[in-house]
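Naming convention: chains lettered A, B, ... in sequence-line order (proteins, then strands); numbering from 1 in each chain. Worth saying up front: this structure is predicted, and the values here are computed from it rather than measured.
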2 protein chains.
Amino acid sequence: MTIGTGTVFHLRSPLASYHLGVKQDVHQLAAQRLRRISQRYTAGRRRIVEVLAAAGHPLTIPEIVGSDSDLATSSVYRNLVTLEHAGVATRIVTSQEHARFELSEPFNRHHHHLVCVDCGKVDDFILPKGVEESLDSALRRAAQKEGFAPTDHRLDLTGTCPDCQAAG
Amino acid sequence: MTIGTGTVFHLRSPLASYHLGVKQDVHQLAAQRLRRISQRYTAGRRRIVEVLAAAGHPLTIPEIVGSDSDLATSSVYRNLVTLEHAGVATRIVTSQEHARFELSEPFNRHHHHLVCVDCGKVDDFILPKGVEESLDSALRRAAQKEGFAPTDHRLDLTGTCPDCQAAG
DNA sequence: TCTGAAAATGAGTATGCTTATCAAAAGATG
DNA sequence: CATCTTTTGATAAGCATACTCATTTTCAGA
């Protein structure tokens, strides 16, 4: 996967947000996307991006706020709306109490989610290329049939994570 | 698609919840599922099932309450939790203000959702059998790999519905 | 068909996530 | 450097949803 000047994004387990050595490119791309909608890449927004990138899986807002004592809750809520609008962050809605956020697709490899119905934790997984491709084209056909203009798709697998299975 | 005594469920456009002539079977199955968790199929719960079945697409709670003047908001919230737990109704969370509900799979053919990011409306669509099958097995493999015990999957296509495209 | 215990209802209230407000701080513009 | 705009942060407000509890309904056993 290549972004910008040719930086390669690597995978952790199962997915990493970005290669540790290329932080700068993440911030450059984030700044660029914000500029596109006339928004600044402020210190607070940069810190949110760092936290999301370091996590490697979707975080709730309390988790984001708790991981950096300089972040004010109200600003995090507001900035995540801005980052979402800029295409830097993506909101993940589950039936849990808190929404979760992760970096958007150019920052993050295309993936899907394992949502634990017990603890609310969300992990990432990817589909084999062939399955993803046939799914994509089927979705395009379905949308076209209904006159629907698609922008994205989300695929979640709900169930119980290993920890909660062990817990009972 | 066959349920219980062999009743055939038909499709409207694009999906219907049940064939109008076989309402009784829907209620019998709902009652049976509630009984399984020691819950009664009361008049209020029956009305909710009727409203959901008649709609043919996922409804918000205000929509459900508004369509039947005998339904109290607090009871609808509480009963939808019960119906969800019994496996009669399914909750659909979008980024919109209200959650939406539809009848669960034995009542409804397996399908996915077109979620309009502008107006929040949710419509149904189905995938070709082959795509659905390869997706299913890919999901099973992915879950197994992570030690995740899957119960269900959800696939949403987000974008703009025809009405909102026309509106601008 | 009674009768009483258990469950469900409904109106109001409480909870808690999220968003709006607004004065102060930071940054851009010329 | 001066001014105008954007962003911030603490607080308050909004709002979907869950809880409370007295009343009503349901169902099992007599």
| message | Taking the ring centre of each residue, are His153(A) and His110(A) less than 6.0 Å apart? | response | yes
| query | Taking the nucleotide of DNA chain D with the closest heavy atom to each, which residue, Ile61(B) or Thr42(B), is nearer the 5' end? | reply |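 By nearest-heavy-atom nucleotide position, the 5'-most residue is Ile61(B).
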[atom1] of [X] versus [atom2] of [N]: gap in Å, rounded?
X        : N       : atom1 : atom2 : result
Ile48(A) : dG9(D)  : CD1   : C1'   : 13 Å
Tyr41(B) : dC27(D) : OH    : C1'   : 18 Å
Asp68(B) : dT9(C)  : CG    : P     : 13 Å
Asp70(B) : dT24(D) : CG    : P     : 17 Å
Leu80(B) : dA8(C)  : CG    : P     : 15 Å
Leu34(A) : dA28(C) : CG    : C1'   : 16 Å
Arg35(B) : dT26(D) : CZ    : C1'   : 14 Å
Arg47(A) : dT7(D)  : CZ    : P     : 16 Å

| remark: Ranking dA16(D), dT8(D), dC21(D) by distance to the side chain of Arg78(B), first place goes to dC21(D)
| said: Using the side-chain heavy atoms of Glu97(A), tell me which of these nucleotides is nearest: dC17(C), dA11(C), dA10(D). | reply: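 The answer is dC17(C).
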| In Å and rounded to the nearest 0.5 Å, what is the CG to OG1 distance from Leu157(B) to Thr151(A)? |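 Answer rounded to 0.5 Å: 7.5 Å.
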Can you find a side chain N or O atom of [X] that sits less than 4.0 Å from OP1 or OP2 on [N]?
X        : N       : value
Asn79(B) : dA8(C)  : no
Gln39(B) : dA8(C)  : yes
Tyr77(B) : dA18(D) : no
Ser74(A) : dA10(D) : no
His98(A) : dG16(C) : no
Arg45(A) : dT7(D)  : yes

| Sugar-phosphate only, base, or nothing, as touched by Ala99(B) at under 4.0 Å among non-hydrogen atoms | sugar-phosphate
| message | My understanding is that only one of His57(B), His111(B), Arg91(B) makes a side-chain hydrogen bond (donor to acceptor under 3.5 Å, both in side chains) with Glu102(B); could you say which? | response |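 With Glu102(B) as partner, side-chain hydrogen bond (donor to acceptor under 3.5 Å, both in side chains) holds for just one option, His111(B).
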| message | Need to verify one output field. Residue with the more 5' nearest nucleotide on DNA chain C, Val81(A) or Arg40(B)? | response | Arg40(B)
| query | How about His85(B) and Gln39(B): does a side-chain donor come under 3.5 Å of a side-chain acceptor? | reply | no
| query | So with a 6.0 Å cut-off around CD of Gln32(B), is the heavy-atom count from everything else above 12? | reply |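 Check passes, neighbour count above 12.
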